[in-house]
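Only heavy atoms go into these numbers, but all of them, side chains included; no hydrogens, no water, no symmetry mates.
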Amino acid sequence: MLDIKFIRENVDIVKDAIKNKNEKADLDKILIMDKKKRKLQFNYDNLRAEQNKVSKEIPELKKAKKDTSELISEMGIISKNIKKISNELSEISSELNSELLKIPNIPYPDVPIGKSEDDNKFIKEWGEKKEFSFKPLDHLELNENLHYLDFKRAAKISGSGFSAYVGNGAILERALINFMLDFHIQKHGYKEISLPVIVNRKSMIGTGQLPKLEEDMYLVEQDDFFLVPTAEVSITNFYADEILPYTILPQKFVSYSPCFRREAGSYGKDTKGLQRIHQFNKVEMVRFVQPEYSYETLEEMLMDAEEILQALGLHYRVLNLSTADLSFAAAKTYDIEIWAPGSKKYFEVSSISNFESFQARRASIRFRDVDDKVKYVHTLNGSGVATPRTFIALIENYQNKDGSINIPECLRSYLKGFKEQRILV
RNA sequence: GGAGAGGUGACCGAGCUGGUUGAAGGUGCGCGCCUGCUAAGCGUGUGUGGGGGUUAAACUUCACCGAGGGUUCGAAUCCCUCCCUCUCCGCCA
């Protein structure tokens, strides 16, 4: 959510943001409603002031044994008037509020303006595409030998777009999760946290998934609960409606959680195997920082995620998302894509974003600064990283001609129950 | 699912026979003083959000005692609905 004052004073900037992000918010309507609301507020305040004043006089007059019946009946009229205006006011307030929730965050100045994902800007890469002396297989072909995954039976249990990790596949995935968690905790100083993955509507609005993306979320209708599409929702709302002392900032949390996405409208697009599934596991980093540090924090978090991939020895590239790809709530986002030689393409495994005060405003996460002023924190989050596509790249990059795979050094200590495959030194 | 208790400021906690209570008292925190360290003591200050106003302040006004309605000239205080927390019982991992 943007500050209404900011919107009033920067109409063009907000309009550009709406246009460049392809949103539909009606800014002119909002400005009219805002004006109307303030006018009502003014009338309401004045009437209330009158009412408060007289209400204080009445007991004194009564004490002095004076007749108040006429005054009281006069106030009855004012009271009715106040009620009427108050109703109008709350109606327009909630209307205005729900419109404000549809205004996206403003892109940061160095975010490229674009029309499609092709306009994302290449920032850097690490490593290089691995060369093979044989034709590398993709993860599904490899799976015919490895039997790490079982999509048929997953579909039997739940439907299409669900996965099952079996035996060593399950062990390998768990190793990835544990490795990433420990890495962030020990090397980067994150605090681990484990939160509900079923959340209320308020939380989903707080981080900006709602109202825009309701169709993409799993809803538990009976209780109006949602399954989180990312741990970001739970972690960011951890501090909702609080005023934090500045001394506890910055806060760095890391959490592993399943993520649930309906992926409505994306059927048939990049859905092969583990590429796009309705439920997957992810290690997520979230930070709460003072505003002046949020952009250096973004760079730090990018490094945090990069180091995971470096440790895994996976070639990747980093993109600065253009306005076309930038999410509703983000001001700036880096995507990290890793190379999968069998599939012959890059897979997005991490999005690292600065939301500035956008989420903080929605979820009301504030802090008392050194100067004693109450301010909104800046929130950031990034995958560190998602497991399915990392799993794809891992087995495709480390495959041998005989269909077996090697295991990178950093995962070895996590693979005690893992037999039969070769270990890479 | 059944029974009960409760939700007040950064925190604890009064008020809840309706009207100087935006809210006592305490803790914490800020500032000043005092005490040669540590600790203690004394004084003083310390809510959030909106509107009006100002170059900015000052100033002024309204709202907010879980949320939303209602009663009333007037509600933290009375009534209704909902949400949440805690305790006990039941059920179950």
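- Aromatic ring centroids of A:Tyr165 and A:Phe391 lie under 6.0 Å apart.
- Rounded to a whole angstrom, the distance from the C1' atom of B:G32 to that of B:U85 is 42 Å.
- Distance check on atom P: B:C62 versus B:U21 gives 16 Å, rounded to whole Å.
- In this entry the distance linking NZ of A:Lys80 with C1' of B:G70 reads 14 Å, nearest Å.
- B:G70 and B:C11 are spaced 30 Å apart, taking the P atom of each and rounding to whole Å.
- Remark: A:Asp138 pairs with A:Lys272 by the side chain to side chain donor-acceptor pair (under 3.5 Å) rule, at least two apart or across chains.
- For B:C73, the OP1/OP2 oxygens have no side-chain nitrogen or oxygen of A:Thr68 closer than 4.0 Å.
- B:G4 is paired with B:C86 under the Watson-Crick or G-U wobble criterion, all donor-acceptor distances under 3.5 Å.
- Per the geometry, CD1 belonging to A:Ile82 stands 14 Å off C1' belonging to B:A75, to the nearest Å.
- In this structure, A:Lys5 reaches the sugar-phosphate backbone alone: every heavy-atom distance under 4.0 Å involves primed, P, OP1 or OP2 atoms, never a base.
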Base-contact (B) and sugar-phosphate-only (S) positions in nucleotides 52-66 of chain B, heavy-atom cut-off under 4.0 Å, - elsewhere: S--------SSS---

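- When the C1' atom is used for both B:U54 and B:G36, the distance is 50 Å, rounded to whole Å.
- For residues 75-89 of chain A, no pair satisfies side chain to side chain donor-acceptor pair (under 3.5 Å), with sequence neighbours left out.
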Criterion side chain to side chain contact (heavy atoms under 4.5 Å, CB included) on A:Gln275 and A:Phe347, from CA distance to verdict: CA-CA 8 Å; A:Gln275 287 183 44; A:Phe347 287 116; 3.5 Å; yes

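- B:A57: no Watson-Crick or G-U partner with both key distances under 3.5 Å is found in any strand.
- Between A:Lys35 atom NZ and B:G51 atom C1' there is a gap of 15 Å when expressed in whole angstrom units.
- The CD1-P distance, from A:Ile78 to B:U72, rounds to 16 Å in whole Å.
- Looking at A:Leu210 and A:Phe226, their side chains come closer than 4.5 Å, going by heavy atoms from C-beta outward.
- The gap from the C1' atom of B:U61 to that of B:G22 amounts to 14 Å, rounded to the nearest Å.
- B:C31 is paired with B:G43 under the Watson-Crick or G-U wobble criterion, all donor-acceptor distances under 3.5 Å.
- Toward the 5' end of RNA chain B, the nearer of the two residues A:Val374 and A:Asn87, judged by each one's closest nucleotide, is A:Val374.
- Comparing B:C86 with B:G18, their P atoms sit 33 Å apart, to the nearest whole Å.
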At a cut-off of 3.5 Å, list every protein nitrogen or oxygen paired with a nitrogen or oxygen from nucleotides 18-21 of chain B, distance to 0.1 Å.
unit_1: B:G19; atom_1: O6; unit_2: A:Lys62; atom_2: NZ; d: 3.4
unit_1: B:G19; atom_1: N2; unit_2: A:Ser55; atom_2: O; d: 3.1

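- A close approach under 4.0 Å does occur between a side-chain nitrogen or oxygen of A:Lys83 and OP1 or OP2 of B:U71.
- Rounded to an integer number of Å, the gap from CZ of A:Arg366 to P of B:G47 is 14 Å.
- Across all strands shown, B:C73 forms a Watson-Crick or G-U wobble pair with B:G19, both key distances being under 3.5 Å.
- Look at the P atom in both B:G68 and B:C31: the space between them is 37 Å, to the nearest Å.
- Pairing for B:G36 is absent, judged as Watson-Crick or G-U wobble with the two contacts each under 3.5 Å.
- A pairwise comparison of heavy atoms in A:Ala331 and A:Val111 identifies O-CG2, 3.4 Å as the closest pair.
- A:Tyr239 places its OH atom 16 Å from the P atom of B:A10, with the value rounded to the nearest Å.
- Atom OG of A:Ser163 sits about 7.5 Å away from atom CD of A:Glu173, to the nearest 0.5 Å.
- Pair check for B:A63 finds B:U48; Watson-Crick or G-U wobble, both atom distances under 3.5 Å.
- Checking the phosphate oxygens (OP1, OP2) of B:U48, a side-chain nitrogen or oxygen of A:Arg368 falls inside 4.0 Å.
- By the 6.0 Å contact criterion, CZ on A:Phe162 is enclosed, its count of non-hydrogen atoms from other residues, nucleotides or ligands being greater than 12.
- Under the Watson-Crick or G-U wobble criterion, with both distances below 3.5 Å, B:C91 has no partner in any strand shown.
- Applying the side chain to side chain contact (heavy atoms under 4.5 Å, CB included) test to A:Phe238 and every residue at least two apart in sequence or in another chain returns A:Ile193, A:Leu195, A:Phe253.
- Classification of the A:His188-A:Tyr190 ring pair by plane angle, with boundaries at 30° and 60°, yields perpendicular.
- Pairs engaging residues 90-109 of chain A under the salt bridge (charged side-chain N to carboxylate O under 4.0 Å, His left out) rule: A:Lys29-A:Glu99, A:Glu99-A:Lys102 [sequence neighbours left out].
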